Every structure is written in structure tokens, then in C-alpha cells.
Amino acid sequence: MDVVPRRGNIASRPAGAVAIGIFQGERRPTGAAGAIDRASRGAVTALLRSRDFTGRFLETAVLYPSGLRARRLIVVGLGQPEELSPHRVRLVAGQAARRARDLGARTLATPAHGAGRGGIEPERAARAVAEGSILGDYRFTAYRTDPGPPPLDRVEIVELDAASSVRMRPAILDGVRVARGVCLARDLASTPGEDLPPERLGQKALAVARAAGATARVLGKAQLERLGMGGLLAVGRGSANPPCLIVLERGPGGGRGAATAARPTRTVVVIGKGVTFDTGGISLKPRENMNKMKYDMSGGAAVLGLFSALQGVELPLRLVGLIPAAENMPGGRALKPGDVVRMMDGTTVEVTNTDAEGRLLLADALAYSRRYEPEAVVDLATLTGAISIALGHLAAGLFTPDEDLAAELLAAAAETGERLWRMPLWPEYASELRGDTADFVNSAGREGVSILAATFLRHFARDLPWAHLDIASTAWSPVDRPHEPRGPTGFGVRLLLEWISRRAADPGKSAAPAAARARP
Ligand code: BES
Ligand code: MN
Ligand code: ZN
């Protein structure tokens, strides 16, 4: 689907459908809704008068008035004016796009909801509409013989004011780029484990890097052995599909390289858990819903979506993406409970539960990240089922001892609507992970599971400014939402992009090398 800006009167656009937003309690449509109302000789006013439609957030009506060049009019509630936000605009746009698609429309004309009376800057509103339209129209149909109604061909964001329309142009391109990155992450997480083992995920990374002007390397088993990545190797041991470490890099500016030591470079590392299928290993998972564990590489998928979304974007920092990828299987050579693993940094871990595999491979990726002397490291992982027990499906868990990083990530999340909820990391939790045989155990009981997992990772992050996002709760939506059908959501792509963009724009950060930053 393409999203394009158009200058002009929305009421005269030919399209399969035209969408407008109406605030709660609005009696007299203004702006785009006003133009549509006049052209349709009062169709919108009549709807509002009927009280069949009150403008409640996401309430939706479809009308077929004469006087428009569009075949249908989709009216979506914007809710209370003071509650309108870019994220609400995204949801409204997603709702309209999906409805238009389901009705068989191929093109949709829409205003940048919220840019007028909603008080949102035109660029932000237009970007949100572009993102929401693509995200809402998305479906995963790769394995369907009958894919159902085709996606929209085109969404036109129509703006009457010439200056605003010009300002919207680059914002729309930004929105399209990031939404496509999210869709890529969704596609990858939806792909069955059989069709996306670690090696294939590596090939996808190479393709993403090539298209996005970044570099990618895939370190195979022999290299992992040389590096001493005992955690990653252990997780992959029971599978016929060998593990690998995927390393993506883009330099300051747009593209490749700049990874030389000649000039110290600001570096940010993002790590994504890449378990292409998680059976639990010898500590086998129960059979119910195990199919869902194809999404256990959603963190890795988000990293790839991020790199893809950064195509053509200049950043004054080097970005490194690490995806430790493995298939967690039971098998004749599989890791056994009681086995002791020596991690890349030398720490020894007694594996008490082979289903707590994510922390083993993430620990090695964290150790590996040190070579870049990063100013920040963020990992995303579908790490614990318990995070959904704590937070439901509305928020991911944010774990970090770094107050600045927490504030930055929470601010980015507020903009993108990908909720984060900060969880504790009190040092006393670490005592529960002490082992009798080795330095640590990888799993201890069923209390505070998500926090213990994060505490385990913290040991390997040491003094790096580090944050961990447990996205097991949000990377898969159990319900259809306006901007995401049920299933893999691509959670984290927009959030990481927002966070990195803000960080890149903040010169203050460059003055504070990792080692010198205050630690709580
Ligand atoms: N990939 C799972 C986490 C998960 C579980 C995500 C259920 C979504 C739904 C992870 O590898 C895992 O199995 N975690 C264990 C940890 C436990 C063994 C300490 C869990 O959550 O049960
Ligand atoms: Mn597991
Ligand atoms: Zn897992």
C-alpha cells in the first residue's frame, strides 16, 4: 500500500472510500468533515442529529451519501478533544483503513485527523495517519490459499492548506518507512519455525541490511565456539538447525562502515532474542499453545524492523543490532537440566530449566556488545510468560537500573503508544540466582520470574547503561486492535526508532561516555 499526500478539497477526491473523524459531542462538523458535510448536503449533520453516532472514540459509521466522488463515507469517532493524541490518531486511521479494506475499497482519502481542531502539528498528525493506515490494513496471508479482501492500494492524506501539505510530505514518508518496518517484524514472527530457523533468519538479516544500506554478518557455530559463547551454543545444541549470532551495523550518517577505531564513535546497541522456536527443550513446554512459540524471535524481528525502518535516515551514531538465534529443541544432544554452561564472559551457569533459554543466549550477546563500547544497550525479548501475568497484554516490562535510560524509553513509548511499565531490579533479587554447583542457576522457582530473568541479564550487562524490555506480553496481541490484528504485533520497532531518533538529536548524550555516566 502506498500513502501519498494530496493538496485540495477532500470532498472532491475520487476514492473507494473517504474517512473523516468526529469529536465526541461535536454538533457542527468543521474542517474536512465540514467540507464533506457541505458536499453531501448535510449527510454528516444528519448523522450527528440522529444521535446514532456520538463521536465516541473509534465508534464507526458508514454512509453512502450523494454529492461525493468517493463511493463510501466512513465516519470514525475521535473521542474527547482533550484526549486526542498522536496514538489515538493512529488508531482512528487504522480503524478507517481496515473498514475501507473490508468493504472492498482499494483507495481511501483521509484528512490528517487532529491537525486542525485537535491541535496536533500537521506533520505529527500526517505521520500518525500514514502509520495507522498501514498498520491497520496489515494481515499475514503468506500461507493462505484464499487471502480474502486485498489490501488497499493507496491512502491519500488530503490537506487543503498548501503550506501544511508541504510540511506533511516528509512526515508521511517517515510514517510509511517505520510502519513497513513493523510489518516486516510481524511477518517474521508469524512465519512458522520450520520455515525460519536461525540460518534463514540470518539470511533475512543480510537482505534487510543490503536494502537498508547497513552491513550484516552471521557468525556460525565455529565462530561462536571461538568466542566462547557457551550460552548461545547450549541453547542450540538439541536442534538439527545450528545457532548463530547475527550482527548488523550501520555507521554514523546513512550507511555502512565507519566501524573503525580511528575516531571514537557514539554507539548504541540493540539486542533481540532470536529463538526461532521454543519447545522448552528437555524441560518441555506443555502442548497447549506451543505453536505460538514461533514468535519467540520477536525481539530479533524488531531489531530487523528497526534497521529496515532506518533506510535512508542519517544518524550521528553507529547502531549495532545483535540477534543471538537458536532453536530450543529436545534431542539426543540437547542441553540437560543440571548441565553447567560456561558463558562468554567466563561466568558459569547451572541450567536448572532448559526452558529459561532466552537469558542464556542474551547473556552472551550482552557480553559481546562490550566490544563496541556502547553508550547504551537495549535488549528486547519474549523472555517470560510471567510478564503477561503481571501486566496483561497492554504493556511490556521495562527493567533498568539507569534512571536516564528509563525516562528516555518511557518518553518514547508515550509517543508511539507502545506501553512500557517499569519493574523493580532491587539488588537483593540476585541472591536467589546463586548456584550450589556453578556461579548461578538460570531459573529459580515461580516467584518474581520476570524480575529474576532481568536480574540474571543484569549480571552480564555489568556497568553498561542497559535496559531490558520483556515483550512476551505485547509481541502477540490476543485480540484484534485497530492498528494490529491479533497475532504478532511488531512491538518495539516504532519505540526503538523513536528512542534512537531522540537520542541522536540530543548532543548532550555525546559528552557522556559510558564509563563516566552516573550509576544509581
Ligand atoms: N519464550 C518463553 C517465554 C514465554 C512464555 C513467552 C509463554 C510467551 C508465553 C521463555 O523462553 C520461557 O520459556 N520462559 C519461562 C521461564 C521460566 C522457565 C523461568 C517461562 O516464562 O515459563
Ligand atoms: Mn523458554
Ligand atoms: Zn523462549
Side-chain angles (χ1 to χ4, degrees), residues 189-190 193 196-198 201 231-232 234-239 243 271-302 323-330 334-339 341 349-365 379-397 399 423 429 432-433 435 440-457 468-478 486-489 491-492:
S190 295
L196 197 62
L201 189 62
L232 176 52
V235 176
R237 242 171 53 195
S239 171
I271 301 176
K273 174 177 174 182
V275 173
T276 59
F277 194 81
D278 183 11
T279 65
I282 296 298
S283 314
L284 195 64
K285 285 184 180 296
R287 55 174 79 94
E288 291 78 25
N289 301 321
M290 202 205 277
N291 60 322
K292 190 178 157 185
M293 281 302 129
K294 65 180 183 178
Y295 95 130
D296 210 17
M297 32 58 73
S298 292
I323 306 172
E327 188 177 62
N328 189 20
M329 296 285 282
L335 182 66
K336 296 173 287 297
D339 286 355
V341 172
V349 177
E350 179 183 357
V351 177
T352 45
N353 187 332
T354 64
D355 198 11
E357 85 295 344
R359 63 199 75 182
L360 296 175
L361 45 73
L362 288 168
D364 278 347
D379 79 71
L380 288 86
T382 47
L383 204 60
T384 65
I387 198 67
S388 312
I389 304 296
L391 301 175
H393 290 277
L394 294 183
F399 299 82
M423 302 284 287
Y429 285 113
E432 298 181 41
L433 290 169
F440 292 108
V441 292
N442 75 329
S443 165
R446 42 192 298 280
E447 285 153 351
V449 162
S450 307
I451 303 171
L452 290 188
T455 301
F456 184 91
L457 295 180
H468 157 62
L469 308 182
D470 193 336
I471 61 170
S473 49
T474 52
W476 184 295
S477 176
R486 61 182 186 279
T489 60
F491 184 96

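Hydrogens, waters and symmetry mates play no part in the numbers below; they use all other heavy atoms, side chains included. Note that this is a predicted model, so its numbers are computed, not measured. Numbering of ligands and ligand atoms starts at 1, following listing order. Numbers here are sequence positions counted from 1.
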For N/O/S atoms only: which one belongs to Asp278 and is nearest the Zn ion (ligand 3)? OD2
Heavy atom of protein inside 4.0 Å of atom 22 (O) of ligand 1, strictly below: no
Are Lys292 and Asp278 close enough, and set up right, to give a salt bridge (charged side-chain N to carboxylate O under 4.0 Å, His left out), and what steps lead you there? CA-CA 9 Å; Lys292 190 178 157 185; Asp278 183 11; over 6 Å; no
Nearest to the Mn ion (ligand 2), which N, O or S atom of Asp278 do we find? OD2
Which atom, counting only N, O or S, brings Asp296 closest to the Zn ion (ligand 3)? OD2
side-chain contact (heavy atoms from CB on, under 4.5 Å) assessment of Leu335 paired with Val341: CA-CA 9 Å; Leu335 182 66; Val341 172; 3.9 Å; yes
Atom 14 (N) of ligand 1: which protein heavy atom is closest, and how many Å away? Leu383 O, 3.3 Å
Which segment of Leu452 sits under 4.0 Å of ligand 1 when only heavy atoms are counted: neither
Applying the side chain to side chain contact (heavy atoms under 4.5 Å, CB included) test to Phe456, which of Arg359, Glu432, His468 qualifies? Arg359
Any N or O of Arg359 closer than 3.5 Å to N or O of ligand 1: no
I want to know if ligand 1 touches Glu357 in the polar sense, i.e. an N/O pair below 3.5 angstrom. yes
4.0 Å heavy-atom contact, Tyr295 with ligand 1: yes
Decide, counting backbone as well as side-chain atoms, whether Lys273 has an N, O or S atom less than 2.8 Å from the Zn ion (ligand 3). yes
Could you tell me whether Gly385 and ligand 1 have an N or O pair separated by under 3.5 Å? yes
For ligand 1, which atoms have a heavy atom of Ser443 less than 4.0 angstrom away? 19 (C)
Lys273 and Asp379: salt bridge (charged side-chain N to carboxylate O under 4.0 Å, His left out), yes or no, with the steps? CA-CA 8 Å; Lys273 174 177 174 182; Asp379 79 71; over 6 Å; no
So which protein heavy atom does atom 15 (C) of ligand 1 come closest to, and at what separation? Asp355 O, 4.0 Å
Ligand 1 to Thr382, heavy atom cutoff 4.0 Å, flagged ligand atoms 1 (N), 2 (C), 3 (C)
Closest heavy-atom pair, Ala302 versus Phe491, reported as atoms and distance to 0.1 Å, is CB-O, 3.7 Å
Proximal heteroatom of Glu357 relative to the Mn ion (ligand 2) (N/O/S): OE1
If you look at every heavy atom in Val235 and Leu361, which pair is closest and at what distance? CG1-CD2, 4.0 Å
Looking only at protein heavy atoms, which one is nearest to atom 2 (C) of ligand 1, and how far off is it? Asp278 OD2, 3.5 Å
Of all heavy-atom pairs linking Thr276 and Pro198, the shortest is OG1-CD, 3.4 Å
Could you tell me whether the side chains of Thr354 and Ser283 share a donor-acceptor contact shorter than 3.5 Å? yes
Of all heavy-atom pairs between Asn328 and Thr279, which one has the smallest distance, and what is that distance? O-OG1, 2.6 Å
Check each atom of ligand 1 against the heavy atoms of Asn353 and keep those under 4.0 Å away; list them by number with element. 18 (C)
Heavy-atom gap Lys285 to ligand 1 smaller than 4.0 Å: yes
How close do Pro243 and Ala326 get, counting heavy atoms only, and between which atoms? CB-CB, 3.9 Å
Quick note on ligand 1: atoms under 4.0 Å from a heavy atom of Met293 include exactly 1 (N), 4 (C), 5 (C), 6 (C), 7 (C), 8 (C), 9 (C)
Does Lys273 reach ligand 1 with a nitrogen or oxygen that is under 3.5 Å from one of the ligand's nitrogen or oxygen atoms? yes
One pair to check against side-chain contact (heavy atoms from CB on, under 4.5 Å): Val351 and Lys336. What are the steps and the verdict? CA-CA 7 Å; Val351 177; Lys336 296 173 287 297; over 6 Å; no
Below a 4.0 angstrom heavy-atom separation, can you tell me which part of Arg446, side chain or backbone, both or neither, approaches ligand 1? neither
Judged by modelled atom types alone, do Asp470 and Thr384 share a side-chain donor-acceptor pair under 3.5 Å? yes
Taking 2.8 Å as the cut-off, does an N/O/S atom of Glu357 lie below it from the Zn ion (ligand 3)? yes
Could you tell me whether the side chain of Asn442 and the main chain of Asn353 form a donor-acceptor pair under 3.5 Å? yes
Nitrogen or oxygen of Asp296 less than 3.5 angstrom from that of ligand 1: yes
Contact check: Val449 vs ligand 1, nitrogen or oxygen atoms, below 3.5 angstrom: no
Hey, could you give me the CZ/CG distance between Phe399 and Leu383, rounded to the nearest 0.5 Å? 8.5 Å
